[in-house]
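One structure is given below, encoded as structure tokens.
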Amino acid sequence: MDVQTYQSGERVEKFCAVCGEERGHVVASVTKAGRITRVSCPKCGTRSPFKAGVVTAVRPAAKSGEAYDRTRTYRAGQSLTHPVFGAGEVTALVEPQKIDVLFPDRMRRLIHARA
Ligand SMILES: [Zn+2]
């Protein structure tokens, strides 16, 4: 049996009790063996322990957002579609011109508002 291993920053699907919905979470910590121990919800920021076996294997169909455009200014919660990474959801503005976007495989930092 293959055991999938993870690294922090990767995405897993989990039910968030605070948001009240099944949604993409970001792996916050893993064991040396690559087992997830904690995940965080990028929407509400809640960190929760991760029990093995809770991963929903099937990723939800991506909400298709408009094509990513680095000259646009994004807000948390917006959807976008990146030509390489696919459908993503803006989870946070980290700097005036940088955003964190949760893609189907992991969190990535993109630039925005570069007119
Ligand atoms: Zn949440």
Side-chain angles (χ1 to χ4, degrees):
M1 178 182 149
D2 287 337
V3 177
Q4 189 172 2
T5 59
Y6 292 88
Q7 296 178 338
S8 68
E10 288 189 290
R11 174 185 176 143
V12 291
E13 302 304 319
K14 183 179 182 295
F15 183 82
C16 177
V18 177
C19 297
E21 62 183 9
E22 172 106 5
R23 55 174 293 107
H25 280 64
V26 179
V27 177
S29 62
V30 295
T31 66
K32 282 179 182 166
R35 302 283 194 109
I36 302 167
T37 53
R38 295 184 78 80
V39 296
S40 65
C41 173
K43 188 173 180 182
C44 66
T46 300
R47 284 194 170 213
S48 48
F50 192 86
K51 297 186 196 71
V54 196
V55 172
T56 314
V58 181
R59 287 175 174 140
K63 285 176 290 183
S64 53
E66 286 181 47
Y68 167 62
D69 178 351
R70 60 189 228 151
T71 65
R72 274 187 63 180
T73 301
Y74 290 91
R75 287 177 285 107
Q78 278 190 298
S79 296
L80 58 83
T81 302
H82 190 279
V84 176
F85 308 132
E89 176 189 350
V90 180
T91 58
L93 273 64
V94 286
E95 285 174 33
Q97 294 185 311
K98 287 183 185 168
I99 49 176
D100 276 345
V101 182
L102 190 60
F103 287 104
D105 59 340
R106 62 173 295 119
M107 184 83 94
R108 288 189 170 83
R109 191 152 290 180
L110 300 181
I111 57 170
H112 77 139
R114 296 283 173 100

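Because the structure is predicted, anything quoted here is derived from the model rather than measured.
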Are any non-hydrogen side-chain atoms of [X] and [Y] less than 4.5 angstrom apart?
X: Lys98; Y: Leu110; answer: no
X: Arg72; Y: Gln78; answer: yes
X: Val27; Y: Val12; answer: yes

Has the side chain of [X] got a donor or acceptor atom that lies under 3.5 Å from a matching backbone atom of [Y]?
X: Thr37; Y: Ser29; result: yes
X: Glu13; Y: Gly24; result: yes
X: Thr91; Y: Asp100; result: yes
X: His112; Y: Pro96; result: yes
X: Gln97; Y: Ala113; result: yes

Could you report the tightest heavy-atom contact between [X] and [Y], atom names first, then the distance?
X: Ala28; Y: Ser8; value: O-CB, 3.9 Å
X: Leu93; Y: Tyr74; value: CD1-O, 3.6 Å
X: Arg70; Y: Ile111; value: NH1-CD1, 3.2 Å
X: Val30; Y: Ile36; value: CG1-CA, 4.1 Å
X: Ala33; Y: Thr5; value: O-CG2, 3.4 Å

Chi angles and distances behind the side-chain contact (heavy atoms from CB on, under 4.5 Å) call for Val26, Val39: CA-CA 6 Å; Val26 179; Val39 296; over 6 Å; no
ILVMFWY network linking Ile99 to Phe103, side-chain heavy atoms under 4.5 angstrom: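 Yes, because Ile99 and Phe103 connect within a single hydrophobic cluster, where side-chain heavy atoms sit under 4.5 Å apart.
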Would you say Val84 and Leu102 are hydrophobically clustered, going by side-chain heavy atoms of ILVMFWY under 4.5 Å?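 Shared cluster, no.
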In terms of the angle between their ring planes, are Tyr68 and His82 parallel, tilted or perpendicular, with boundaries placed at 30° and 60°?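 Parallel.
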Does Asp105 come within less than 4.0 Å of Arg11, counting only side-chain N to carboxylate O?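 Salt bridge flag = no for Arg11 with Asp105.
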So does Arg23 pair up with Glu89, basic N to acidic O under 4.0 Å?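 Yes, this pair counts.
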Can you tell me how far [atom2] of [Y] sits from [atom1] of [X], rounded to the nearest 0.5 angstrom?
X: Phe15; Y: Ser48; atom1: CZ; atom2: OG; value: 11.0 Å
X: Glu66; Y: Leu80; atom1: CD; atom2: CG; value: 9.5 Å
X: Cys19; Y: Lys14; atom1: SG; atom2: NZ; value: 10.5 Å
X: Cys16; Y: His25; atom1: SG; atom2: NE2; value: 4.5 Å

Cation-aromatic face contact Arg108/Phe85, 6.0 Å, 45 degrees: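 Yes, cation above the ring, under 6.0 Å and within 45°.
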